[in-house]
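Everything on this sheet refers to the single structure shown next.
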Amino acid sequence: KTLNEPTLQEAPSTMTINYIGLVILIIGGLFLLMAIAQPKNFIVYKGLIARSEVCWGEGNGPKVMAAYSLMMIVFGLLLMFRVFGKQEEKED
């Protein structure tokens with residue numbers, strides 16, 4: 001063990017930061033999904049859809065953004081429940 005290597009007992013705050021970030025990721029995906037489901041004349045919505053339509057073709061912007069928001073939600077949930085990205089315990 002090196003001098004600067006933190007252990008779980010020494011750094012419990014890093015675990016809470018990960019959960020806060022994942023919750024923000026999931027909430028962001030939900031807000032994006034709600035914005036796509038109920039389109040408004042909101043400048044952020046127009047910018048996201050315009051960029052998606054340039055990349056994925058005319059008329060596909062809302063579909064691509066809905067798929068992106070669902071991927072954000074699923075990825076956040078998988079990380080939150082530690083389906084992947086688990087920390088390996090080191091043997092001394």
Distance-only donor-acceptor hits, side chain of residues 20-30, under 3.5 Å, sequence neighbours excluded:
none

Next item on the list: Look up atom CG in Leu33 and atom OH in Tyr68, then write down how far apart they are to the nearest 0.5 Å.
Entry: 13.0 Å
Check: When rounded to the nearest 0.5 angstrom, what distance separates CD1 in Ile73 from CG in Leu78?
Finding: 12.0 Å
Check: Linking I/L/V/M/F/W/Y whenever any side-chain heavy atoms sit under 4.5 Å apart, do Ile49 and Trp56 land together?
Finding: no
Item checked: For Ser52 against Gly61, the heavy-atom pair lying closest together -> CB-CA, 3.6 Å
Next item on the list: Could you state whether Val64 and Val54 fall into the same hydrophobic cluster, counting links through intermediate Ile, Leu, Val, Met, Phe, Trp or Tyr residues with side-chain heavy atoms under 4.5 angstrom apart?
Entry: no
Check: Is there side-chain contact between Glu53 and Asn60, with heavy atoms separated by less than 4.5 Å?
Finding: no
